[in-house]
Amino acid sequence: MPKNKKTEWQVGDPTISVVGEQFCNPYPMDLMVKRKVQSFSKDNYQVFDPSGNLLLQIDGQAWGINRKRVMTDPAGFTILTMRQKGMTLKNKWEVHGGESKEREDLLFTVHQSMAVSLKTSVDVFLAENNNVKKSTTCDFHASGGYSNISFKVFKSDALIAGVTHKFTWGSFCKGKCNFRVRVNPEVDYAFIIALLVMVDDNEN
């Protein structure tokens, strides 16, 4: 068998719970993510299942230094908070459970793989690996193409989720943007959506 052959996370594989097991389902999930600009500095993401039920919302800053975004459930309960860490050559985000910013509540960090890149490429380190060294292997990796914000998420060589950017000029002119997200079985969809938001912010 060829080395580094790409596989796909399937039913029966171990659960990948990063934010919480309540966001892991034993079947594939197809989600629609809608982003709408609310003002020059703020926008909003809403996540829906195929039946149109609202699952998650993300609010926060679209521009600026040390951006912060908050993910909530439909009732407004805070699930996690994403914070961009200053202005660096490689964009870095820290994600904490709830509204916390304490070390013990850190869930994961996201690092841009290269300082300058024309395509999506980020590394994800779980809390236990947040003291990143050059020799540290990332827990997850997201990579995409050159033309848009579509990308795939891998755990080692296994595909766990895919994001497709649905671009239209009509939506763009109205300050709207849509994504389709395919989450494989037993994969934490809140984690994948948080990663989408941070990748989208990095690209924008």
Side-chain angles (χ1 to χ4, degrees), residues 9 16 18-20 22-25 27-64 67-84 91 93 95-99 107-108 110 112 119-122 124 140 142-154 159-185 187-204:
W9 214 255
I16 298 177
V18 178
V19 180
Q22 67 270 37
F23 303 110
C24 303
N25 289 299
Y27 50 83
M29 292 189 70
D30 290 303
L31 305 174
M32 171 65 76
V33 181
K34 297 183 179 182
R35 175 173 63 110
K36 184 176 181 181
V37 176
Q38 297 176 315
S39 67
F40 178 76
S41 61
K42 291 186 178 182
D43 56 15
N44 166 268
Y45 294 80
Q46 292 184 313
V47 183
F48 300 90
D49 68 13
S51 298
N53 299 309
L54 178 64
L55 301 179
L56 301 169
Q57 299 184 91
I58 301 94
D59 290 298
Q61 298 166 269
W63 304 96
R67 284 177 289 181
K68 182 177 82 170
R69 290 192 176 275
V70 177
M71 177 185 290
T72 60
D73 66 12
F77 177 79
T78 300
I79 297 168
L80 58 81
T81 302
M82 299 166 263
R83 295 179 178 89
Q84 187 181 33
N91 284 322
W93 292 77
V95 182
H96 293 79
E99 299 178 3
L107 298 175
F108 61 96
V110 176
Q112 196 170 342
K119 63 179 182 179
T120 299
S121 182
V122 298
V124 180
F140 305 94
S143 60
Y146 292 95
S147 59
N148 56 33
I149 311 171
S150 299
F151 62 91
K152 295 180 179 180
V153 185
F154 296 91
L159 176 68
I160 63 171
V163 175
T164 304
H165 180 209
K166 308 295 289 184
F167 177 84
T168 65
W169 282 109
S171 295
F172 177 77
C173 293
K174 295 177 181 178
K176 298 179 180 180
C177 186
N178 295 330
F179 301 88
R180 291 193 181 279
V181 181
R182 174 77 167 183
V183 183
N184 285 16
V187 175
D188 189 327
Y189 70 84
F191 163 60
I192 299 299
I193 295 301
L195 188 56
L196 161 59
V197 171
M198 289 179 282
V199 167
D200 190 26
D201 272 351
N202 286 348
E203 298 298 323
N204 288 325

Counterpart residues, side chain to side chain contact (heavy atoms under 4.5 Å, CB included), relative to [X] (two or more places apart):
X	result
Q22	none
T78	V70, T72, T81, E99
Y27	N25, M29

How long is the straight-line distance from [atom2] of [Y] back to [atom1] of [X], given to the nearest 0.5 Å?
X	Y	atom1	atom2	value
I16	D188	CD1	CG	9.0 Å
N178	Q46	CG	CD	11.0 Å
K68	D59	NZ	CG	11.0 Å
S150	L196	OG	CG	10.0 Å
D201	Q84	CG	CD	7.5 Å

Under the ring pair (Phe, Tyr, Trp, His ring centres under 6.0 Å) test, residues paired with F191 that sit two or more places apart | F108, F140
Sorted by chain and number, sequence neighbours left out, salt bridge (charged side-chain N to carboxylate O under 4.0 Å, His left out) with R83 holds for none
Atom of V163, atom of F179 and distance for their closest heavy-atom approach = CG1-CD2, 4.0 Å
Got a sec, which residues hit side chain to side chain donor-acceptor pair (under 3.5 Å) with D73, two or more places apart in sequence or on another chain?
-> none
